Each structure stands twice: as C-alpha cells, then as structure tokens.
**Student:** 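Have a look at this one.
In this text the structure is predicted, and so the values were computed from the model without any measurement. Naming convention: chains lettered A, B, ... in sequence-line order (proteins, then strands); numbering from 1 in each chain.
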Amino acid sequence: MRITTWNVNSIKQRAGHLLAFLAEAKPDVVCLQELKCQDEAFPRAEVEEAGYRVETLGQKAYNGVALLVRAPLALAEIRRGLPGDEADIQARYIEGVVSGADVAPVRVASIYLPNGNPVASEKYPYKLGFLERLRRHARTLMRAETALVLAGDYNVIPEAEDAADPEAWRADALFLPQSRAAFRALLAEGLTDGLRACDPRAGVYTFWDYQAGCWPRNQGIRIDHLLLSPQAADRLVSASVQKHLRGLEKPSDHVPVTVELRDA
DNA sequence: ATGACTGGCCCTGCCAGA
C-alpha cells in the first residue's frame, strides 16, 4: 500500500496536477492539505472518476484537509478534527481506516499543522497546543496496537540537516527549540519518521518557497512527514519524495511524499 | 544587493503562508 501526503496550496489551482499524479503514481491513499475551499467546491467528481473515494474537511479560503483512497479499498471510521478541537473551526485534521481484501487495515490521518508565525502572536501557542492535542490523540490510537500513519504538513523542521540554511530559520516557528521538542515528544510516543528511516541523508526537502529563487537554488526544508506506529513501521518498504512536481508550471510550493507499506 | 511569490477574497490592496 502506497500512502502519499501532499500540501497542494489550493486544490482548485492544483486539480490538474493532482489528477496527473493519481494517473501516473497510482497511490492507494492520498492525504491532502491546504485545500483552501469549502467541501462543495472540492473537485470530487473528477477525483472519483479517477477511481478514488473522497472524504474532505474544508473551510472557506484557508486550511482544509482530505483523504483519497483508491477503489476497491474501503475508507471507514472517519474522524474530523482532533479531540479537544470541537469549538475550533480550523479545518486541519481528518482520519480514517483504510482496508481491503488482502490488506491489513491501516489508520491514516491527514494533518495540516499550524504554521505558528509570528511567534509573538497567539498563533504560536495555538501551534504548540495543536501538537500537544495531536500527541495525546496519537497515544490513544496507539493503544489499539494496529498500523497507524500520521501524515501531513507538520510545519516543523525536525533537525538542522532538514534545512538548506538552518540559520535563516533559527527564530522561526518552524524551527524554534519548543516546536522541535513538541515534535520529538510526538515521536517519543513510539512513532517512526518514515522518510528519515528510509533516507537518513541531510538535504532531503519537501518545500521550497516561491520567493527568492528558492527552488532553482535548492533552498528547501523538510516539513512534510509520515509518522508510523510500530505496526506500520514493521511493514515499511520504502519512502520517497516526488520532487519533480516542483518543476512543473504553476506548482504547489510543497511536493508529495510517499511511503510504501507491505500489505500485511 | 538581504529584494525576489502565490492564492483567496469578491475587486483591491491586504492577509496568510513558511
């Protein structure tokens, strides 16, 4: 089973690239972030026509997450929002269980973690609060001792080697010691960073800013992650970054990241 | 040199992203 996470930075702008990616890569599960539209504006018919089941959690203009699952795989037990988020309108979390005839089930979440800048504003504590709610929810889910993949745009640069110019990020919400500590606390629940496990080299990036020629100069950062429970990590075959999509016309500033799990 | 872009909104500069 191949599971992809991709922050598309507006699904309306990126529908063409998404459909091309589905046709070319045929991922079994796709976790999308930054839809930037309400549920009724998601290009559901086109994605279903491409052979995928669709569950979305959208909102007007900002945020928005979705799960796509390639038929005949099933998608059940959908959860929208984290426990403790009930009064929060920010559309940043959707989860479901993927299952099929010859496939051991995998619980998958699509997560759009808050950016957290500016650090002096209320946005930074909101980011840390979200990370803590996610850690608690991960702990709950992991008690089931089944395969779990928490995938998404974490807006956290875990280590200096995950940025081309770490000094430029030193005071940024993506790289502050508190952000990195909260991310490590999540990993310490027993999760494995899937891409890191398969490719421990420095300089593997998933995001390049549109500005300042970041892409041609390869001034990237690694902030899109797939975190695996032990039962999922036992099934990990490979992980890869679909970097070529950053070179297309009108690209997202993020590229897809994919892990492949054995079926059982 | 320390700039540089993109998307949504609902129409015009501004907020947000990272």
**Student:** Give the ring-plane orientation class for Y154(A) versus H225(A), where under 30° counts as parallel, over 60° as perpendicular and anything between as tilted.
**Tutor:**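 The arrangement is tilted - the two ring planes meet at 30° to 60°.
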**Student:** When you measure from every atom of DNA chain B, which of residues 157-165 of chain A have a heavy atom less than 4.0 Å away?
**Tutor:**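 DNA chain B contact set from residues 157-165 of chain A: none.
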**Student:** Between the side chains of Q33(A) and S110(A), does any donor sit under 3.5 Å from an acceptor?
**Tutor:**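 S110(A) and Q33(A) do have a side-chain donor-acceptor pair below 3.5 Å.
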**Student:** Go along nucleotides 10-18 of chain B 5' to 3' and tag each nucleotide: B for a protein heavy atom under 4.0 Å from its base, S when only backbone or sugar atoms are that close, - otherwise.
**Tutor:** S-----SSB
**Student:** Let's see if you get this right: which residues in residues 39-46 of chain A place a heavy atom under 4.0 Å from DNA chain B?
**Tutor:**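 None, since no heavy atom is under 4.0 Å.
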**Student:** Sticking with atom C1', work out how far dG8(B) lies from dT12(B), rounded to a whole angstrom.
**Tutor:**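 About 12 Å, rounded to a whole number of Å.
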**Student:** Return the polar atom pairs (N/O with N/O) between nucleotides 1-3 of chain B and the protein under 3.5 Å, or none.
**Tutor:**
none

**Student:** Can you tell me the distance, in whole Å, between the CZ atom of R246(A) and the P atom of dC5(B)?
**Tutor:**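 These atoms are roughly 13 Å apart.
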**Student:** Return each pair, listed once, that meets salt bridge (Lys or Arg N to Asp or Glu O under 4.0 Å) where at least one residue sits in residues 101-118 of chain A; pairs must be two or more places apart or across chains.
**Tutor:**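 Residue pairs passing salt bridge (Lys or Arg N to Asp or Glu O under 4.0 Å), neighbours aside: E77(A)-R107(A), E95(A)-R107(A).
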**Student:** Is the shortest side-chain N/O distance from S10(A) to OP1 or OP2 of dG8(B) below 4.0 Å?
**Tutor:**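 Checking S10(A) against dG8(B): at least one side-chain N or O falls below 4.0 Å of OP1 or OP2.
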**Student:** Pair R235(A), E260(A) - check salt bridge (charged side-chain N to carboxylate O under 4.0 Å, His left out), show working.
**Tutor:** CA-CA 8 Å; R235(A) 292 162 61 180; E260(A) 177 166 10; over 6 Å; no
**Student:** Does R14(A) place a side-chain N or O at less than 4.0 Å from the phosphate oxygens OP1/OP2 of dG7(B)?
**Tutor:**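 Yes, within the criterion.
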**Student:** Measuring only the P atom in each nucleotide, how far is dG7(B) from dG3(B)? A whole number of Å is fine.
**Tutor:**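 Roughly 23 Å separates the two P atoms.
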**Student:** What ring pair (Phe, Tyr, Trp, His ring centres under 6.0 Å) pairs are there with at least one residue in residues 76-128 of chain A, not counting sequence neighbours?
**Tutor:**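 Every ring pair (Phe, Tyr, Trp, His ring centres under 6.0 Å) pair that includes a residue of residues 76-128 of chain A, provided the two are not neighbours, is Y93(A)-H137(A).
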